[in-house]
Amino acid sequence: MTLQERVEGLKRAQAQLPDLLADIAQEATQRAVEKAAGLTPPTGGDLSGTNTRTGELKQHWAADSEIIPVRQGSDWVTILANDKEYASYVDQGHRMDRHFVPGLYVNPESGLLEYDPAAKVGLIVGAKTPYVPGVYMVDAAKEEYRRAVQEGSCRLEGLLE
């Protein structure tokens with residue numbers, strides 16, 4: 001291969017590079033979103049905990065993340081996100097202090113827990129455990145993103161050959 005042929009090959013590779021980088025970023029972000037959603041409760045048959053029955057937290061990974069790369073200067077940017085206000089508590093863990101809730105009471109007729117802000121009663125609520133450990137789904141998703149980018153870099157090497 002002559003030097004001129006090598007230069008032409010590198011120019012062709014350079015023209016393909018932005019699209020290839022965007023593809024790698026999109027695929028890596030998609031895998032990160034799937035990893036985060038896969039680790040988000042409910043996982044399996046366990047439905048214990050707030051909002052695990054709806055699966056709303058799990059669904060928001062795909063809805064709130066920006067998987068399609070956007071060019072910002074010389075960078076391709078994607079976003080892994082979940083805008084549910086309690087997502088960080090599930091991810092990082094949180095304390096569960098016992099506390100008084102005014103207006104919360106057990107209805108003596110039905111036996112059900114009810115809330116009436118005007119009621120002159122209240123209950124102390126809390127959990128059996130003072131701390132709920134985190135699931136760390138974001139950390140796992142970041143690691144999956146790194147793995148996907150590393151695998152994608154093999155395609156870059158093939159482009160330069």
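Scope of the values below: all heavy atoms of this structure, side chains included, with no hydrogens, waters or symmetry mates.
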Flag side-chain contact, heavy atom, 4.5 Å: Arg146 against Lys142
yes

Which side-chain N or O atoms in residues 71-80 pair as donor and acceptor under 3.5 Å with protein atoms at least two apart or in another chain?
unit_1	atom_1	unit_2	atom_2	d
Arg71	NE	Gly73	O	3.2
Thr78	OG1	Thr29	OG1	2.6

Under 4.5 Å between side-chain heavy atoms, hopping through other hydrophobics if needed: is there a path connecting Val138 to Tyr86?
yes

Any luck finding a side-chain donor-acceptor pair between Gln30 and Gln26 under 3.5 Å?
no

Write out all pairs satisfying salt bridge (Lys or Arg N to Asp or Glu O under 4.0 Å) with one or both partners inside residues 83-106, taking only residues at least two apart or from two chains.
Glu56-Lys84, Arg95-Asp97

With heavy-atom distances below 4.5 Å as the criterion, would you say the side chains of Asp23 and Glu27 are in contact?
no

Which pairs with one or both residues in residues 101-116 pass salt bridge (Lys or Arg N to Asp or Glu O under 4.0 Å), sequence neighbours excluded?
none

State, with a plain yes or no, whether a side-chain heavy atom of Leu39 is found less than 4.5 Å away from one of Lys35.
yes

Can you give each donor-acceptor pair under 3.5 Å made by side-chain atoms of residues 148-155, sequence neighbours left out, with the distance rounded to 0.1 Å?
unit_1	atom_1	unit_2	atom_2	d
Glu151	OE1	Arg31	NH1	2.8
Ser153	OG	Gln150	O	2.6

Close side-chain approach of Val90 to Met137, heavy-atom, < 4.5 Å:
yes

Can you confirm whether Tyr89 is buried at OH, in the sense that more than 12 heavy atoms of other residues, nucleotides or ligands lie under 6.0 Å from that atom?
no

Side chain proximity check, Gln92 to Tyr136, heavy atoms < 4.5 angstrom:
yes

Excluding Val101, membership of its hydrophobic cluster (Ile, Leu, Val, Met, Phe, Trp, Tyr; side-chain heavy atoms within less than 4.5 Å) reads Leu104, Val106, Leu113, Tyr115, Leu123, Val125

Can you measure from CD (Gln59) to CG (Asp64) and round to the nearest 0.5 angstrom?
11.0 Å

Restricting to side chain to side chain donor-acceptor pair (under 3.5 Å), what partner residues turn up for Glu8, sequence neighbours left out?
Gln4

Glu143 atom CD: more than 12 heavy-atom contacts under 6.0 Å
yes

Which heavy atom in Met96 sits nearest to a heavy atom in His94, and how many Å separate them?
SD-CE1, 3.3 Å

Considering all heavy atoms of both residues, which atom of Ala25 and which atom of Tyr145 are nearest to each other, and what is their separation?
O-CE1, 4.0 Å

